[in-house]
Amino acid sequence: QVQLVESGGGLVQAGGSLRLSCAASGNIFSLGAMGWHRQAPGKQRELVASIGTYASTNYADSVKGRFTISRDNAKNTVYLQMNSLKPKDTAVYYCNAEKLIEDYWGQGIQVTVSS
């Protein structure tokens with residue numbers, strides 16, 4: 001019903017920046033909060049950042065001050081600006097979106113930070 005497609009990942013050196021984008025399509029009426037999670041090999045998936053309909057934001061302690069989440073409701077797109085990247089940020093990043101009681105996930109996109 002709702003499809004989420006991530007883009008903007010890749011390989012970057014420590015200290016560099018990337019911007020992830022997640023575009024929602026399909027039945028996007030009444031989309032609510034959106035966010036980003038990540039999962040590193042052998043670890044649990046964790047919340048990175050989330051943003052509500054009215055732009056309230058929440059960040060994991062590990063990314064505060066470095067990452068910024070934003071959304072463009074006209075484009076049905078959520079962004080994650082990642083600055084001062086560290087090797088520990090290496091993970092597959094997943095976009096998610098809520099629609100009423102439903103929860104949608106993207107395919108995931110790899111972010112690799114080299115030292």
Quiz item: So how far is it from Q3 CD to N27 CG, rounded to the nearest 0.5 Å?
Solution: 9.5 Å
Quiz item: Looking at CD of Q44 and CZ of R38, how far apart are the two atoms once the value is rounded to the nearest 0.5 Å?
Solution: 14.0 Å
Exercise. Kindly indicate whether the side chain of N58, heavy atoms from C-beta on, has any atom under 4.5 Å from the side chain of L47.
Key: yes
Quiz item: Roughly how far, to the nearest 0.5 Å, is the CG atom of L11 from the OG1 atom of T112?
Solution: 6.0 Å
Quiz item: Sub-3.5 Å donor-acceptor pair from the side chain of S84 to the main-chain atoms of R66, do we have one?
Solution: no
Exercise. Keeping the roles fixed (side chain from R71, backbone from Y54), state whether a donor-acceptor pair exists under 3.5 Å.
Key: no
Quiz item: Considering all heavy atoms of both residues, which atom of S115 and which atom of P87 are nearest to each other, and what is their separation?
Solution: CB-CG, 4.1 Å
Practice problem: Would you name the heavy atoms of G16 and V12 that are closest together and state the gap between them? | Solution: CA-CG2, 3.9 Å
Quiz item: Which heavy-atom pair separates G8 from I109 by the least distance, and what is that distance?
Solution: N-CD1, 3.7 Å
Practice problem: Please lay out, stage by stage, how V48 and L80 fare under the test side chain to side chain contact (heavy atoms under 4.5 Å, CB included). | Solution: CA-CA 9 Å; V48 176; L80 185 68; 4.2 Å; yes
Quiz item: What's the verdict on side chain to side chain contact (heavy atoms under 4.5 Å, CB included) for N96 and H37, showing C-alpha distance, side-chain angles and the deciding distance?
Solution: CA-CA 8 Å; N96 80 283; H37 289 68; 3.4 Å; yes
Quiz item: Does E98 use its side chain to pair, donor to acceptor, with the backbone of E102 at less than 3.5 Å?
Solution: no
Practice problem: Report the C-alpha distance between K86 and D89 in whole Å, list the side-chain angles of each, state the deciding distance to 0.1 Å, and finish with yes or no for salt bridge (Lys or Arg N to Asp or Glu O under 4.0 Å). | Solution: CA-CA 5 Å; K86 304 174 181 179; D89 296 317; over 6 Å; no
Quiz prompt | Residue pair M34 / S50, side-chain heavy-atom distance below 4.5 Å | solution = no
Quiz item: Can you list the steps and then say if Y93 with Q110 is a side chain to side chain donor-acceptor pair (under 3.5 Å)?
Solution: CA-CA 6 Å; Y93 284 69; Q110 180 70 46; over 6 Å; no
Quiz item: Given W36 and C22, is the side chain to side chain contact (heavy atoms under 4.5 Å, CB included) satisfied, shown in steps?
Solution: CA-CA 9 Å; W36 294 91; C22 173; 3.6 Å; yes
Exercise. Could you pull out the closest heavy-atom pair between I69 and G35, with the gap in Å?
Key: CD1-CA, 3.9 Å
Quiz item: Judged by atom type as modelled, is there a donor-acceptor pair below 3.5 Å linking the side chain of E6 to the main-chain atoms of Q107?
Solution: yes
Quiz item: In Å, rounded to the nearest 0.5 Å, how long is the span from OG1 of T57 to CZ of F67?
Solution: 14.0 Å
Quiz prompt | Any donor-acceptor pair under 3.5 Å from T77 side chain to K75 backbone | solution = yes
Exercise. First locate atom OG1 of T53, then atom CG of N73, and finally report the distance between them rounded to the nearest 0.5 Å.
Key: 7.0 Å
Quiz item: Is it true that the NZ or CZ of R45 lies under 6.0 Å from the centre of Y94's six-membered ring and within 45 degrees of the ring axis?
Solution: yes
Self-check item: ILVMFWY network linking V92 to L85, side-chain heavy atoms under 4.5 angstrom
Solution: no
Quiz prompt | Chi angles and distances behind the side chain to side chain contact (heavy atoms under 4.5 Å, CB included) call for L4, V78 | solution = CA-CA 10 Å; L4 302 174; V78 64; over 6 Å; no
Practice problem: Would you give the length of the straight line joining atom CG of L18 to atom CE of M82, rounded to the nearest 0.5 angstrom? | Solution: 4.5 Å
Exercise. Step through the shown structure and confirm whether more than 12 heavy atoms of other residues, nucleotides or ligands are within 6.0 Å of NZ on K43.
Key: no
Self-check item: Residue pair Q81 / Y79, side-chain donor-acceptor N/O under 3.5 Å
Solution: no
